[in-house]
Chemist: 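Just dropping this structure here.
A, B, ... follow the sequence lines: proteins, then strands. Residue 1 opens every chain.
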Amino acid sequence: MSDQTRNDQELRRLEELRIIRESGVNPYPPVFEKTHSNISVLETFSDEDASHLAEIAVAGRIMAVRVMGKAAFMHIQDDGARLQLYFRKDETPQFYELIHTLDIGDIIGARGFAFRTRTGEISVHAREAALLCKSLRVLPVPKEETDADGNKVVHDAFVDKELRYRRRYVDLIVNPHIRDVFVKRSKIIAEMRRFFDGRGWLEVETPILQPLYGGASARPFVTHHNALDVRLYMRIALELYLKRLIVGGFEGVYEISKNFRNEGMDKTHNPEFTMMELYVAYRDYFWMMNMTENLICRLCVAANGESSTKFAGNHISFAAPFRRATMYDLLREYTGLDLFGKSREELLATAREIGVEVDSTAGAMKLLDEIFSQKVQPNLIQPTFVMDYPVEMSPLAKAHRSTPGLTERFELFAAGAELANCFTELNDPIDQRARLEEQAALRISGDDEAMTLDEDFIYAIEVGMPPTAGIGIGIDRLVMLLTGQESIRDVLFFPQMRPEKQ
RNA sequence: GACCCCGUAGCUCAGUGGUAGAGCAUCUGACUUUUAAUCAGAGGGCCGUAGGUUCGAGACCUACCGGGGUCACCA
């Protein structure tokens with residue numbers, strides 16, 4: 001970036017960098033032997049005996065500077081925690097020579113001893129100090145004040161969402177609380193792996209670049225492989241390859257990885273998102289409901305220390321068991337109507353009667369889905385397994401063992417949002433081929449989200465897949481729910497943004 | 001893709017047709033336990049971009065760029 005794009009403050013920092021180099025100090029030294037994190041100093045300090053903190057080395061980014069003639073205070077931040085440093089001109093003369101060239105944003109290290117200042121703040125009295133990295137860009141600097149009641153008040157917080165998302169590294173520096181969401185995200189995923197690994201299921205990796213895409217209803221990203229000169233699609237779901245592995249003899253496989261869908265973006269959709277899918281042989285969707293309750297409860301505890309969370313003003317408890325109800329029972333509960341077996345025309349008339357906005361060209365399944373989305377889904381605040389969807393809505397789910405026309409499928413809802421989708425997997429190859437042929441026909445008639453017919457997948461199912469239960473959990477949405485974030489952008493480090501012009 | 005709101009200093013924001021502002025940040029000076037440090041002074045702006053209306057536009061109109069939100073599509 002040219003100097004013409006720098007403002008006066010940034011040009012001054014370049015000038016300071018020149019002065020530092022000319023004075024013989026390396027502004028980017030290779031190493032600093034840090035002995036303590038800020039947190040460890042703050043947590044282990046004792047007024048009675050601080051001898052264990054008599055010779056320590058700390059380092060971090062300067063977040064506040066108060067030079068008072070021949071003494072100076074700075075706050076440095078590492079790992080989201082701030083620690084005060086105290087300097088005296090007569091004790092660190094070489095460092096003090098350059099103190100006027102230091103800025104908020106620079107990274108420094110100091111060796112010295114921990115003490116408590118007259119005003120009560122645990123600090124490090126520096127005997128030696130060194131610049132570790134000169135910063136050339138200006139950080140937004142919110143100021144923190146502790147008011148009379150001991151509450152933290154932040155002044156001029158850095159809140160511009162566009163800047164926060166485009167320059168997440170700055171957001172993470174100046175808004176340390178943002179880190180908490182991402183630390184929780186990491187804990188949730190780590191706990192999920194522990195849970196699955198502890199049951200002996202294998203974490204696997206399957207292709208992201210696929211000659212045919214499938215496993216969900218969505219539009220894909222299209223790309224091209226030069227050497228093979230073929231069109232490839234970025235996967236929209238993990239399902240079809242994981243089932244091939246069950247066919248191959250693994251009895252429990254899972255994958256946590258990115259899916260890509262070329263669709264609109266909003267508070268709950270990012271074009272790339274993280275999905276977990278798990279397949280376990282010889283199990284069905286009832287078994288998977290039990291597993292899921294235990295899993296989600298454990299994840300909530302891992303993130304929040306308790307089995308409940310708050311989202312959009314609702315207190316949501318993930319203590320097992322969750323409510324279980326069939327789709328048609330819930331429709332009856334919230335509309336007063338029995339919609340099972342109704343024709344497209346009857347459903348269209350019903351939708352209009354009960355005030356559900358629908359497209360008059362919509363098919364029966366679309367109508368049913370719309371009525372459910374508008375009348376039932378917003379009421380599903382506490383976790384609820386919605387069971388037994390119509391076969392037309394679920395081309396990869398096994399036909400219901402007792403009710404014709406339905407499948408053995410559940411979706412888990414909480415806070416009005418879908419969290420998981422599970423089936424007893426369809427392993428009847430004749431039925432599977434028929435369902436996918438139906439999807440292919442829909443595609444030809446113009447439904448660009450209908451599934452393609454993947455002959456190799458059918459071949460695998462014809463080789464034979466044991467009875468299997470499979471589940472998919474949208475990790476981003478789960479993290480949103482468990483951390484109380486109402487926008488997917490706040491649980492992704494780098495949400496997709498439109499590139500800035502020029 | 002449609003509609004609504006927003007875009008002014010590094011950050012947070014005032015500025016409702018008449019000389020571009022404040023706080024923090026920055027710079028200069030004072031100050032050896034301060035903490036939103038304090039005190040005194042100073043610098044910093046293609047007011048998102050391009051047209052238009054007007055004697056005069058940061059403000060009004062149009063288009064475009066970027067963001068946020070609602071809807072549509074979806075997990």
Chemist: For A:H125 and A:Q84: C-alpha separation, side-chain torsions, deciding distance, then whether side chain to side chain donor-acceptor pair (under 3.5 Å) applies.
Modeler: CA-CA 9 Å; A:H125 187 132; A:Q84 181 168 259; over 6 Å; no

Chemist: Base, sugar-phosphate or nothing for A:E486? Non-hydrogen atoms, less than 4.0 Å.
Modeler: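 No contact.
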
Chemist: Round to a whole Å and report the spacing from OH of A:Y96 to P of B:U32.
Modeler: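 The answer, rounded to whole Å, is 8 Å.
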
Chemist: Measure the spacing between CD of A:E91 and NZ of A:K70 and express it to the nearest 0.5 Å.
Modeler: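 Reported to 0.5 Å precision, the distance equals 14.0 Å.
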
Chemist: Across all strands shown, which nucleotide pairs with B:G66 by Watson-Crick or G-U wobble geometry, both distances under 3.5 Å?
Modeler: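 Matched B:G66 with B:C6 under the 3.5 Å cut-off.
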
Chemist: Identify, between A:I488 and A:R88, the residue whose nearest nucleotide on RNA chain B lies closer to the 5' end.
Modeler: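 The answer here is A:R88.
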
Chemist: Kindly give the atom pairs (protein nitrogen or oxygen, nucleotide nitrogen or oxygen) under 3.5 Å for nucleotides 71-73 of chain B.
Modeler:
residue	atom	partner	partner atom	Å
B:A72	N6	A:D266	OD2	3.4
B:C73	OP1	A:K366	NZ	3.4
B:C73	O2'	A:E449	OE2	3.2

Chemist: A:Y86 has a side chain; which of B:U32, B:G69, B:U26 sits nearest to it?
Modeler: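 The answer is B:U32.
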
Chemist: Among A:R409, A:E408, A:E411, find the residue that satisfies the side chain to side chain donor-acceptor pair (under 3.5 Å) test when tested with A:Y389.
Modeler: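 Only one of A:R409, A:E408, A:E411 forms a side chain to side chain donor-acceptor pair (under 3.5 Å) with A:Y389, namely A:E411.
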
Chemist: Assess whether salt bridge (Lys or Arg N to Asp or Glu O under 4.0 Å) is satisfied between A:E272 and A:K258, documenting all intermediate values.
Modeler: CA-CA 6 Å; A:E272 58 180 286; A:K258 287 279 176 74; 2.8 Å; yes

Chemist: How does protein contact run along nucleotides 3-13 of chain B, one letter per nucleotide 5' to 3', with B for base contact, S for sugar-phosphate only, - for none, heavy atoms under 4.0 Å?
Modeler: -------BSS-

Chemist: If I take atom CZ in residue A:R13 and atom P in nucleotide B:A25, what distance separates them, rounded to the nearest angstrom?
Modeler: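 Going from A:R13 (CZ) to B:A25 (P), I get 13 Å.
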
Chemist: Tell me: CG of A:D106 to C1' of B:U26, nearest whole Å?
Modeler: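 It works out to 13 Å between those atoms.
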
Chemist: Is A:E55 paired with A:R111 through a side-chain N to carboxylate O contact shorter than 4.0 Å?
Modeler: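 Looking at A:R111 and A:E55, the cut-off is not met.
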
Chemist: Taking N or O atoms only and anything under 3.5 Å, show me the protein contacts with nucleotides 37-41 of chain B, one pair per line.
Modeler:
residue	atom	partner	partner atom	Å
B:A37	OP1	A:K143	NZ	2.1
B:A37	OP2	A:R66	NH1	3.2
B:A37	N6	A:V67	O	3.3

Chemist: Classify the nucleic acid contact of A:M275 as base, sugar-phosphate or nothing, counting any heavy atom under 4.0 Å across all strands shown.
Modeler: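 The answer is nothing, as A:M275 stays clear of every strand by at least 4.0 Å.
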
Chemist: Just to be sure I understand the rule, does A:N270 reach a base, reach only the sugar-phosphate, or reach nothing, if contact means heavy atoms closer than 4.0 Å?
Modeler: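 Counting heavy atoms under 4.0 Å across all strands, the contact made by A:N270 includes a base.
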
Chemist: Using the P atoms only, state how far B:A59 lies from B:A9, rounded to an integer number of Å.
Modeler: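 Rounded to whole Å, the distance is 15 Å.
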
Chemist: Please determine whether a side-chain nitrogen of the Lys or Arg among A:E162 and A:R498 lies less than 4.0 Å from a carboxylate oxygen of the Asp or Glu.
Modeler: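 Result for this pair is no, no salt bridge flagged.
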
Chemist: Can you find a donor-acceptor N/O pair under 3.5 angstrom joining the side chain of A:E121 to the base of B:U33?
Modeler: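 Between B:U33 and A:E121, which were checked side chain against base, a qualifying N/O pair under 3.5 Å is absent.
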
Chemist: Closest approach to the side chain of A:D103, judged atom by atom: which nucleotide of B:G68, B:U26, B:G67 is it?
Modeler: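 Minimum distance to the A:D103 side chain belongs to B:U26.
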
Chemist: Could you state the atom-to-atom distance from CZ of A:R12 to P of B:A25 in whole Å?
Modeler: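 In whole Å, B:A25 P lies 13 Å from A:R12 CZ.
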
Chemist: Could A:R61 and A:D106 be called an ion pair, given the rule that one side-chain N must be under 4.0 Å from one carboxylate O?
Modeler: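 Between A:D106 and A:R61 there is no salt bridge, as every charged N stays at least 4.0 Å from the carboxylate O atoms.
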
Chemist: May I ask you to check whether A:F493 and A:F182 place their ring centers less than 6.0 Å from one another?
Modeler: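 Under 6.0 Å, so yes.
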
Chemist: Nearest whole Å is fine: how far is B:U33 C1' from A:K89 NZ?
Modeler: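 Value for this atom pair: 18 Å.
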
Chemist: Do A:Y285 and A:F423 have their ring centres less than 6.0 Å from each other?
Modeler: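 They do not qualify: ring centres at least 6.0 Å apart.
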
Chemist: Relative to each other, are the rings of A:F115 and A:Y86 parallel, tilted or perpendicular (30° and 60° limits)?
Modeler: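 Aromatic pair A:F115/A:Y86 classed tilted.
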
Chemist: Which heavy atom of A:A59 sits nearest a heavy atom of A:I76, and at what distance?
Modeler: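 Result for this residue pair: C-CD1, 3.7 Å.
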
Chemist: Between B:G66, B:U34, B:G68, spot the one nearest the side chain of A:R166, thanks.
Modeler: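 In terms of side-chain proximity for A:R166, the closest of B:G66, B:U34, B:G68 is B:G66.
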
Chemist: Between A:A218 and A:D90, which has a closest nucleotide on RNA chain B that is more 5'?
Modeler: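 It is A:D90, whose closest nucleotide lies nearer the 5' terminus.
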
Chemist: For the ring pair A:F413 and A:F372, is the centre-to-centre distance below 6.0 Å?
Modeler: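 That pair passes the under 6.0 Å test.
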
Chemist: May I ask you to say what A:F87 touches in the nucleic acid, namely base, sugar-phosphate or nothing, with a heavy-atom cut-off under 4.0 Å?
Modeler: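 Answer is nothing: A:F87 stays at 4.0 Å or more from every strand.
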
Chemist: A:R489 near the nucleic acid: base, sugar-phosphate alone, or nothing, with a heavy-atom cut-off under 4.0 Å?
Modeler: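 Sugar-phosphate contact only - A:R489 comes under 4.0 Å of backbone atoms but never of a base.
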
